[in-house]
Amino acid sequence: GAVVSQHPSRVICKSGTSVKIECRSLDFQATTMFWYRQFPKQSLMLMATSNEGSKATYEQGVEKDKFLINHASLTLSTLTVTSAHPEDSSFYICSAQTYTGELFFGEGSRLTVL
Amino acid sequence: DAKTTQPPSMDCAEGRAANLPCNHSTISGNEYVYWYRQIHSQGPQYIIHGLKNNETNEMASLIITEDRKSSTLILPHATLRDTAVYYCIVRVAGGNQGGKLIFGQGTELSVKP
């Protein structure tokens, strides 16, 4: 199946710093990518929908200035957690959609904010 | 909000069939039923999807009721590696207008020796 790569897989940062997570579709072009957050023992929560070349659409309750999403090319979307705090510690997962509507997920990025 | 309901947990003996139910009574005519699973600390893995006909692939079978208000995912011979959280999701599909996946709570399947 198609491959979606996330980097880094794990990151630890200090409170107040910003962290960037990359999501790449390695063998297909993705016009749409989705970003999810998952807390321990909970389900995935959709944060935003990212379309190449346009502004991301955020779900209700997700702060767009806190979670900056950039989808600059058909194979790359980035999520930047700005001024991270311990409550932002979570598992962040992206998915990428092909032209035929199939969705593939990355392996996730675990963020720990100290 | 998720449009599906699933039992929170199920057990299955290794080598036996695992039958995971899902209710989606408010499904729309253009929505497909998708199944994904998530093994601990990994990204979700696609299993199968269908609209109204039963579907089978190398991983599983999907049985959708005639009224499309419920479905069952069948893992024919469960192994220990099938232990995971299984998510049933309804989604508009097709082309680049495919809809987003909204995850419910899923079913935590434990396959036991």
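Each chain gets a letter, A, B and so on, in the order its sequence line appears, and its residues count up from 1.
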Looking at A:Ile93, A:Thr49, A:Leu44, A:Val4, which makes the most heavy-atom pairs under 4.5 Å with chain B?
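The answer is A:Leu44.
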
Counting heavy-atom pairs closer than 4.5 Å to chain A, which one of B:Gly43, B:Pro44, B:Gly104, B:Gly106 comes out on top?
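Of the options given, most contacts go to B:Pro44.
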
Would you compute the distance between atom [atom1] of [X] and atom [atom2] of [Y] and round it to the nearest 0.5 angstrom?
X	Y	atom1	atom2	result
A:Leu46	B:Phe103	CG	CZ	9.0 Å
B:Ile89	A:Ser43	CD1	OG	7.5 Å
B:Gln45	A:Glu107	CD	CD	9.0 Å
B:Ser41	A:Gln38	OG	CD	8.5 Å

Check whether [X] and [Y] end up in the same hydrophobic cluster, where Ile, Leu, Val, Met, Phe, Trp and Tyr are linked by side-chain heavy atoms less than 4.5 Å apart.
X	Y	result
A:Leu79	A:Tyr58	yes
A:Leu68	A:Met33	no
A:Phe67	A:Phe91	no
B:Leu80	B:Ile47	yes
B:Tyr32	A:Phe34	yes

Does any non-hydrogen side-chain atom of A:Leu103 lie less than 4.5 Å from one of B:Tyr34?
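No - every pair of side-chain heavy atoms lies 4.5 Å or more apart.
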
Is A:Glu59 close to chain B through its backbone or its side chain, or both, or neither, when contacts mean heavy atoms under 4.5 Å?
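The side chain, not the backbone.
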
Between A:Phe105 and B:Tyr46, does the ring centre distance come in under 6.0 Å?
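That pair fails the under 6.0 Å test.
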
Side chain from CB out, backbone as N, CA, C, O: work out which of these in B:Gln38 comes under 4.5 Å of a heavy atom of chain A, or both, or neither.
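It is the side chain, since no backbone atom gets that close.
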
Heavy-atom count around A:Lys66 NZ within 6.0 Å, excluding the residue itself: above 12?
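Yes, the 6.0 Å shell around NZ holds more than 12 heavy atoms from other groups.
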
